[in-house]
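Contents: one structure, followed by commentary.
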Amino acid sequence: MQKLTGRCLCEAIEYQITGELGPIFNCHCSKCRRWHGAAFRTRATIRSSQFQWLKGEEYLSRYHSSENTVKNFCSICGSSLISTYDESPDKIGIPLGGLDQRPNNTVEGHFFVGSKSPWFEIDDDLPQYDDYPGSHDKVRETAE
Ligand SMILES: [Zn+2]
Ligand SMILES: [Zn+2]
């Protein structure tokens, strides 16, 4: 079974993921861009039971970015770690930037392209969605 590890910038916090990641997407929403200080956030959803803190859990800080979503980050170095959801405690959102290894699956597409950064051009052929994938009528044929 796949085992992945990850850590924050200062390495005070380490975590482990067991099993397959859910579909991987680049999220271009303004919250992800701000949280990561980047053009987009590459992320996947996993089950909470797949995730384990290995060390440093006491250094976590939490911020409610919306009513249901909590961003968990390192209080020492500020690294973005995981998203947890008040209404779905069985799920965790994981950004791939902190991983030490290559997961078995690869990026499937771009979502929230409707709010992507104006200075960033998507130049791959992956599918693009205006918001969350699943609304098939909103698939875009070309990049904005
Ligand atoms: Zn840290
Ligand atoms: Zn996002």
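Atoms within each ligand, like the ligands themselves, are counted from 1 in listed order.
- Side-chain atoms of Arg43 and Thr45 form a donor-acceptor pair, as typed in the model, at a separation below 3.5 Å.
- Rounding to 10°, one obtains 100° for the angle at the Zn ion (ligand 1) between SG (Cys74) and SG (Cys77).
- In this structure, the side chain of Lys55 engages the main chain of Glu11 through a donor-acceptor pair within 3.5 Å.
- Excluding waters, the count of protein N/O/S atoms less than 2.8 Å from the Zn ion (ligand 2) comes to 3.
- Between the side chain of Asp131 and the main chain of Phe112, no donor-acceptor pair closer than 3.5 Å is present.
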Taking distance alone, no hydrogens or angles, what donor-acceptor pairs closer than 3.5 Å link side-chain atoms of residues 92-104 to residues at least two apart or in another chain?
| residue | atom | partner | partner atom | Å |
| --- | --- | --- | --- | --- |
| Asp100 | OD1 | Arg7 | NE | 3.2 |
| Asp100 | OD2 | Thr5 | OG1 | 2.8 |
| Asp100 | OD2 | Arg7 | NE | 3.3 |
| Asp100 | OD2 | Arg7 | NH2 | 2.8 |
| Gln101 | OE1 | Thr5 | N | 2.7 |
| Gln101 | NE2 | Thr5 | OG1 | 2.8 |
| Asn104 | ND2 | Gln2 | OE1 | 3.3 |
| Asn104 | ND2 | Glu20 | OE1 | 3.3 |
| Asn104 | ND2 | Glu20 | OE2 | 2.9 |

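- If you check the side chains of Lys31 and Ser65, you find no donor sitting under 3.5 Å from an acceptor.
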Subject >> side chain to side chain contact (heavy atoms under 4.5 Å, CB included) assessment of Phe73 paired with Arg62 >> reply: CA-CA 6 Å; Phe73 58 97; Arg62 293 176 177 82; 5.8 Å; no
